[in-house]
Number of protein chains: 2
Amino acid sequence: MGLRERKKERTRAELQRHALRLFRDHGYAATTVDDIAAAAEVSRSTFFRYFPTKEDVVLFDDVDPVMEGVAAELPAGTPLLEAVRLIVRGGFGSLDDEARALEEVRMELARSVPEIAAILRERNSFGVEQIAGMVSRGIGRPTDDPEVLLFAGVVVGARYAALARIHAGAASSYIDELDAMLSRLVAGIPLADEPIRAPRPDPARSRA
Amino acid sequence: MGLRERKKERTRAELQRHALRLFRDHGYAATTVDDIAAAAEVSRSTFFRYFPTKEDVVLFDDVDPVMEGVAAELPAGTPLLEAVRLIVRGGFGSLDDEARALEEVRMELARSVPEIAAILRERNSFGVEQIAGMVSRGIGRPTDDPEVLLFAGVVVGARYAALARIHAGAASSYIDELDAMLSRLVAGIPLADEPIRAPRPDPARSRA
DNA sequence: AATTCTTTTGACACTCAGTACCACTTGAGG
DNA sequence: CCTCAAGTGGTACTGAGTGTCAAAAGAATT
């Protein structure tokens, strides 16, 4: 690998490192792209050459490709939901220390900085379409099959649940929490048949 | 209701009407706030007094409070998942013509303009926390209960699945599609036990 | 009807994200 | 070396969004 490539890699890592640090210390909105560029000792132009938007510096992530690798090595016949669990666990499990640390910082940010939580919720790793694509390949059905999409939606929902749990301060490890959520799903949708109780006389009706 | 109030209401409606029209005709990004303000014959400042951001002019929505009303009138003992279905259906069903038309335009926009699709996916109506709150009230468990959050996540996931289906052009009515997704969920998570097939030798490995 | 009070409004100036362009530097390879 | 392409920094621009302020207009009171 040439000097050029190494330099590029180093610059991107520096930009991301400083960006995450600044976001953590001063907040997302209060940190300008200029600040990040200055901290990494490059120009504003260079920042945008590496990351198309300010958001992307948070989103850049290394687990996706790993998960695809894990998926490719699962034995045929594994039940789909179980497969998803294994892929997720495997994907996060096989990160090297640095990548894992980055992932930790990112989740810490998601917990403490609301803007970043929103960004991650929306764009990080897996959206419905992405998972639907994997499922589609895994069981040989079209990506726009309603059941495929619904399954994908449920998985994404489990992820949101895990993030919400962390956001509420009721859990700390994103990976473990997501795994727990997926495990629960194996037993079906929780509370689906739970009877609702009589509505209270409306404690404080307000528009959120 | 005073004259003042009526004028205010009319201005907001005008702004939203023109904004949606311009978005539909020229795209979201290509339409500036100045364009919208000019079309509605008010100043830029005025636009921002009515809608804090450009996004909000799309998001402004009237179904939420209606759904809360429907929720309050369900008989005690209704199974939770069924209750959610009824609330959703009831909420959309009881819109007056104008509100329903607006909802249609909004969904049409979501289908044709990707930026708006993203915005709606992220911020419209119900997030996990919101649904978890409703569930929490409905069955009397804390909002950060993992099962409550997971259930809420699953419902949100069903919604994403419906949106994805529309986005793919495989469905046209958002309301019907969401209702269909929720109905499917009553029978459990589809495909959960579907065995995956042997992985293909990887057709085109690429980073999305 | 005139006056006072409150809210709306338009105008201006500002910051910051994001884009486009161009001139300059530097690594790669003959 | 010397050339070429890639990467970099600077400059100038558009548009979103914020803050301020003085003028205008509705509402309320006398």
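Note: hydrogens, waters and symmetry copies are ignored here, and every other heavy atom, side chains too, is used. Letters A, B, ... mirror the listed sequences (proteins, then strands); counts begin at 1.
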Donor-acceptor pairs are to be reported for all side-chain atoms of residues 19-31 of chain B against protein atoms at under 3.5 Å, with residues two or more places apart or in another chain.
unit_1	atom_1	unit_2	atom_2	d
T31(B)	OG1	L22(B)	O	3.4
T31(B)	OG1	G27(B)	O	2.7

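Taking both residues in full, the closest heavy atoms of A132(A) and L149(A) are given as CB-CD2, 3.7 Å, listed atom of the first, atom of the second, then distance. What you find for L150(A) and R184(B) is that their closest heavy atoms are CD2-CB, 3.6 Å.
Residues that satisfy the salt bridge (Lys or Arg N to Asp or Glu O under 4.0 Å) test with E194(B), not counting sequence neighbours, are absent from this structure. Contacts of A170(B) classified as side chain to side chain contact (heavy atoms under 4.5 Å, CB included), with partners at least two apart in sequence or in another chain: D144(A), R165(B).
A heavy atom lying under 4.0 Å from DNA chain D marks the following residues of residues 12-40 of chain B, by number: T31(B), T32(B), V33(B).
Salt bridge annotation for E5(A)-K8(A): absent, with no cationic side-chain nitrogen under 4.0 angstrom from a carboxylate oxygen. Salt-bridge check for E9(B) with R6(B): failed, with every basic side-chain N at 4.0 Å or more from each acidic carboxylate O.
Under the 4.5 Å side-chain criterion, counting only non-hydrogen atoms from C-beta, E147(B) is not in contact with F151(B). Looking at D179(A) and I175(A), their side chains never come closer than 4.5 Å, going by heavy atoms from C-beta outward.
Put simply, chain A comes within 4.0 Å of DNA chain C, heavy atom to any atom, from dC16(C) to dA28(C), going 5' to 3'.
In this structure, CZ of F47(B) is placed 8 Å from P of dG17(D), rounded to the nearest angstrom.
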Quick one: what's the B/S/- string for nucleotides 1-10 of chain D, heavy-atom cutoff under 4.0 Å, read 5' to 3'?
----BBSBBB
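If you look at Y50(A) and F60(A), their ring centroids are not closer than 6.0 Å.
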